[in-house]
Amino acid sequence: MSDTLSGVFAALADPTRRRLLDAVAARPDGATATELARGLPVTRQAVVKHLQVLVRAGLAETRRDGREVRYLARPSSARPAGAWIDERATAWERRLERLSTLVDARAPVDPARHGEDPMAPLD
């Protein structure tokens with residue numbers, strides 16, 4: 001896994017950062033740390049630190065607006081992480097399909113046992 005993906009996953013591992021990223025993404029003109037802190041049970045300073053992690057991961061960027069710093073989401077930066085997850089999900093789906101095919105081929109279903117507890121010992 002690339003360092004970029006590792007940074008994205010590390011940034012998204014924290015629920016506060018995910019919440020912040022959602023809040024920033026919901027505002028097309030961005031938001032200041034002060035605006036974002038109003039809706040969270042953490043200090044403005046903690047919000048700034050979380051936002052800096054998102055910026056370093058490439059998930060957000062800053063823009064100066066006079067004396068204020070506005071944070072904006074960069075959704076395109078999450079695409080490689082989404083593609084990585086999709087590739088893994090597809091691979092697991094193929095594995096599970098093959099396993100299901102093998103199980104179906106080796107263990108025909110006994111209609112008399114249909115509806116019984118699947119964890120019950122076999123006769």
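Remember, predicted model here, so these are calculated numbers, not experimental data.
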**Q** Do you know which two heavy atoms are closest between V8 and A57, and how far apart they sit?
**A**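 The pair with the smallest heavy-atom distance is CG2-O, 3.6 Å.
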
**Q** Can you name the side-chain hydrogen bond (donor to acceptor under 3.5 Å, both in side chains) partners of R44, sequence neighbours left out?
**A** T34

**Q** Throw together a table of side-chain donor-acceptor distances under 3.5 angstrom for residues 86-99, partners on residues two or more places apart or in other chains.
**A**
from, atom 1, to, atom 2, distance (Å)
R88, NH1, W84, O, 3.2
T90, OG1, D86, O, 2.9

**Q** How many angstroms lie between atom CG of L20 and atom CG of L40, to the nearest 0.5 angstrom?
**A** 5.0 Å

**Q** Linking directly or through intermediates, with side-chain heavy atoms under 4.5 Å: list the remaining ILVMFWY members grouped with L72, chain and number order.
**A**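 None, because no other hydrophobic side chain comes under 4.5 Å of this residue.
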
**Q** Looking at every non-hydrogen atom in both residues, tell me the closest pair between A46 and V42 and how far apart they are.
**A**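 Minimum heavy-atom separation between A46 and V42: CB-CB, 4.0 Å.
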
**Q** Among residues at least two apart in sequence or on other chains, which ones pass salt bridge (Lys or Arg N to Asp or Glu O under 4.0 Å) with R56?
**A**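 So R56 forms no salt bridge (Lys or Arg N to Asp or Glu O under 4.0 Å) with any residue.
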
**Q** Only pairs under 3.5 Å count here: list side-chain donor-acceptor contacts from residues 10-17, not counting sequence neighbours, and write none if there are none.
**A**
from, atom 1, to, atom 2, distance (Å)
D14, OD1, T16, N, 2.8
D14, OD1, R17, N, 3.1
R17, NE, A11, O, 2.9
R17, NH1, H50, ND1, 3.2
R17, NH2, A10, O, 3.4

**Q** Nearest 0.5 Å, please: how far is CG in L59 from CZ in R18?
**A**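 The CZ atom of R18 sits 12.0 Å away from the CG atom of L59.
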
**Q** Going by the rule side-chain contact (heavy atoms from CB on, under 4.5 Å), which residues pair with A73 if we only count those two or more places apart in sequence or in a different chain?
**A**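 Only L21, V24, A25, P75 meet the side-chain contact (heavy atoms from CB on, under 4.5 Å) criterion with A73.
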
**Q** Step by step, would you call T62 with L51 a side-chain contact (heavy atoms from CB on, under 4.5 Å)?
**A** CA-CA 9 Å; T62 59; L51 288 167; over 6 Å; no

**Q** If you group Ile, Leu, Val, Met, Phe, Trp and Tyr whenever their side-chain heavy atoms sit less than 4.5 Å apart, what else falls in with V53?
**A** none

**Q** Give a yes or no on whether L5 and V55 share a hydrophobic cluster (residues Ile, Leu, Val, Met, Phe, Trp, Tyr; joining criterion: side-chain heavy atoms under 4.5 Å apart).
**A**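 Cluster IDs for L5 and V55 differ.
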
**Q** Does anything in residues 23-40 form a salt bridge (Lys or Arg N to Asp or Glu O under 4.0 Å)? List the pairs, not counting sequence neighbours.
**A**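 Listed once each, the pairs are R27-E35, E35-R70.
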
